[in-house]
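Keep in mind that what you see is a predicted model, and the values were worked out from it rather than measured.
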Amino acid sequence: MLHPRARTMLLLAIPALIIGIASSLVLIVVMKVASVLQTMLWTAIPVKLGISFDSPMWIVVMLTLTGIAVGLVIRFSPGHAGPDPALEPLISAPVSPSALPGLIIALIIGLAGGVSLGPEHPIMAVNIALAVFLGSRILPRVGVLDWTILASAGTIGALFGTPVAAALIFSQTLSGNNDVPLWDRLFAPLMAAAAGALTTSLFFHPHFSLSLPHYGQMQIADIFSGAIVVAIAIALGMVAVWCLPRLHRLMHKLKHPVLMLGVGGLILGILGAIGGPVTLFKGLDEMQQLAFSQVFSVSDYLLFALVKLAALVVAAACGFRGGRIFPAVFIGVALGLMLHEHVDAVPAAITVSCSILGLVLVVTRDAWLSLFMAAVVVPDATLIPLLCIVMLPAWLLLAGKPMMMAWRNDK
């Protein structure tokens, strides 16, 4: 009763479901363990020692020790704890399974210790490696690329709690074959993304949206305001793009990972002491603090954005295992709130969403993901036409510009 095309899609349906669920479970376990360790490091131990967790001394000590610990893991683990995220895109070639334990441990320590990176890149690398390693043995007729796509789709669904982001990303990467309809090619990845998103939602709900005043009807002036905000965000992001490969080359002259990451941790600790605890960690919970607090001023928001941007560059350049999307969203929120406080005639919904769009676009160079993140953090349907319009000059500004990655010949 089914067309051969439908039977082909169904062949990968069960593997897609399994991979989506497994991708989410890997993420959940890592985040739960990191959360427990974070509570120990930043709550239980300071209380026992009679030290405030937000004291500059504790922040500097914790980040320095975190850097040393991650350096030791990378130095002595097989496979040297996976690829350096500064040299890799979000979705890359599968790594050796022997590198996965060290990569997971390095990620957990970094997340718990307060490093300004998210979990997305290492989790993606782990899930792709597992899917390719196990899948190619169970179903050898399925290619490595197919397993990679399913694992990455499942991970994206798990990370963001919805398959929408995966649908947007893969709609552009899987659209090259005219003989097979796009939705035939999207069927299995969306199945994996949906399974990953639903599994994640059973255990916790990724809370991206901010409670900002509702944006009314779009005005012509708002388009110009949004375009200016996006240009400011891109300009700030391009400073990081310029700094990352140069700092990466400088830090890797230290050669030894323990020394390199220890120095990086010390710098992150100093930055954290300047910006305060709100500038630590991946930034997802911390951006909620920015939006709900009524005590921060223009200078405070600007300080948070600049400190977090510097911490992101330092953490990536030193070789900490983590992703750059979540910190970029935090920077966008801080920058957007700062611009709104500075010019309150421009609604916060516009300044925050357009700042996120610009910064995520600089970090990922993916227009769909940038639109998705802006729309998820500021969930206001009336903003979507404006975001689509301001994306056009933003894309023009970034056309031909370098990616936020280090140079591969640095080592």
Side-chain angles (χ1 to χ4, degrees), residues 30-47 49 51-71 85 106-122 206-208 210 240 247 261-293 295-296 299-335 337-338 359 363:
V30 168
M31 298 303 292
K32 293 292 186 182
V33 174
S35 178
V36 172
L37 182 58
Q38 178 181 329
T39 301
M40 291 175 54
L41 297 178
W42 293 93
T43 303
I45 295 178
V47 167
L49 297 177
I51 300 173
S52 175
F53 79 94
D54 59 354
S55 68
M57 182 194 73
W58 185 252
I59 292 174
V60 172
V61 169
M62 277 307 310
L63 267 299
T64 303
L65 292 177
T66 297
I68 293 172
V70 174
L107 170 61
I108 291 173
I109 294 173
L111 290 173
V115 176
S116 292
L117 293 173
E120 59 272 20
H121 186 278
H207 192 50
F208 291 95
L210 300 180
L247 183 60
L261 285 153
V263 171
L266 174 61
I267 298 173
L268 290 178
I270 295 171
L271 290 170
I274 295 171
V278 75
T279 60
L280 302 178
F281 306 103
K282 62 181 180 293
L284 185 58
D285 297 329
E286 290 71 24
M287 73 182 190
Q288 301 290 338
Q289 300 176 32
L290 296 185
F292 283 112
S293 177
V295 301
F296 297 133
S299 58
D300 291 329
Y301 287 126
L302 179 60
L303 176 66
F304 297 152
L306 294 178
V307 167
K308 191 70 171 182
L309 186 68
L312 169 58
V313 172
V314 171
C318 294
F320 282 99
R321 279 12 184 195
R324 300 185 284 275
I325 296 175
F326 288 168
V329 173
F330 174 93
I331 298 165
V333 171
L335 178 63
L337 292 173
M338 184 274 290
L359 280 158
V363 169

Report task. Verify side-chain contact (heavy atoms from CB on, under 4.5 Å) between Leu337 and Phe296, making sure each step is shown before the conclusion. Result -> CA-CA 10 Å; Leu337 292 173; Phe296 297 133; over 6 Å; no
Report task. Determine the minimum heavy-atom distance between Gly118 and Pro122, stating which atoms define it. Result -> O-CD, 4.4 Å
Query raised in the report: Taking C-beta and beyond as the side chain, do Pro119 and Phe326 meet within less than 4.5 Å on heavy atoms?
Result: yes
Query raised in the report: Can you find a heavy atom in the side chain of Phe320 that is under 4.5 Å from one in the side chain of Leu268?
Result: yes
Report summary line: In short, Gly275 meets Val278 closest at the heavy-atom pair O-CG1, 3.9 Å
Query - Spatial distance of atom CZ (Arg321) from atom CG (Leu117) [nearest 0.5 Å] - result: 10.5 Å
Query - Value rounded to 0.5 Å, distance of CG in Leu261 from CG in Leu266 - result: 12.5 Å
Query raised in the report: Is there a side-chain contact between Val363 and Leu359, using heavy atoms and a 4.5 Å cut-off?
Result: no
Query raised in the report: Quick one: CD1 on Ile267 to CG on Leu247, what's the gap to the nearest 0.5 Å?
Result: 7.0 Å
**Report entry** Met31 side chain near Leu111 side chain, heavy-atom distance below 4.5 Å
**Finding:** yes
Query raised in the report: Side chains of Asp300 and Val295: does their closest heavy-atom pair fall under 4.5 Å?
Result: no
Query raised in the report: Where the side chain of Arg324 meets the backbone of Pro85, is there a donor-acceptor pair that is under 3.5 Å apart?
Result: yes
All N/O donor-acceptor pairs, side-chain side in residues 52-64, below 3.5 Å, sequence neighbours left out:
from  : atom 1 : to    : atom 2 : distance (Å)
Ser52 : OG     : Asp54 : OD1    : 2.2
Ser55 : OG     : Ser52 : O      : 2.9
Ser55 : OG     : Trp58 : N      : 3.3
Trp58 : NE1    : Leu41 : O      : 3.3
Thr64 : OG1    : Val60 : O      : 2.7

Side-chain donor/acceptor pairs under 3.5 Å, residues 282-291, sequence neighbours excluded:
from   : atom 1 : to     : atom 2 : distance (Å)
Glu286 : OE1    : Gly283 : N      : 3.2
Gln288 : NE2    : His207 : O      : 3.1
Gln288 : NE2    : Ser209 : O      : 3.2

List the atom pairs, donor and acceptor, that lie under 3.5 Å between side-chain atoms in residues 307-317 and the rest of the protein, sequence neighbours left out.
from   : atom 1 : to     : atom 2 : distance (Å)
Lys308 : NZ     : Ser116 : OG     : 3.3
Lys308 : NZ     : Thr279 : O      : 3.2
Lys308 : NZ     : Leu280 : O      : 3.3
Lys308 : NZ     : Phe281 : O      : 2.5

**Report entry** From Ile68 atom CD1 to Ile109 atom CD1, the distance as rounded to the nearest 0.5 Å
**Finding:** 12.0 Å
Query raised in the report: Which distance, rounded to the nearest 0.5 Å, do you find between the CD1 of Ile270 and the CD1 of Ile274?
Result: 7.0 Å
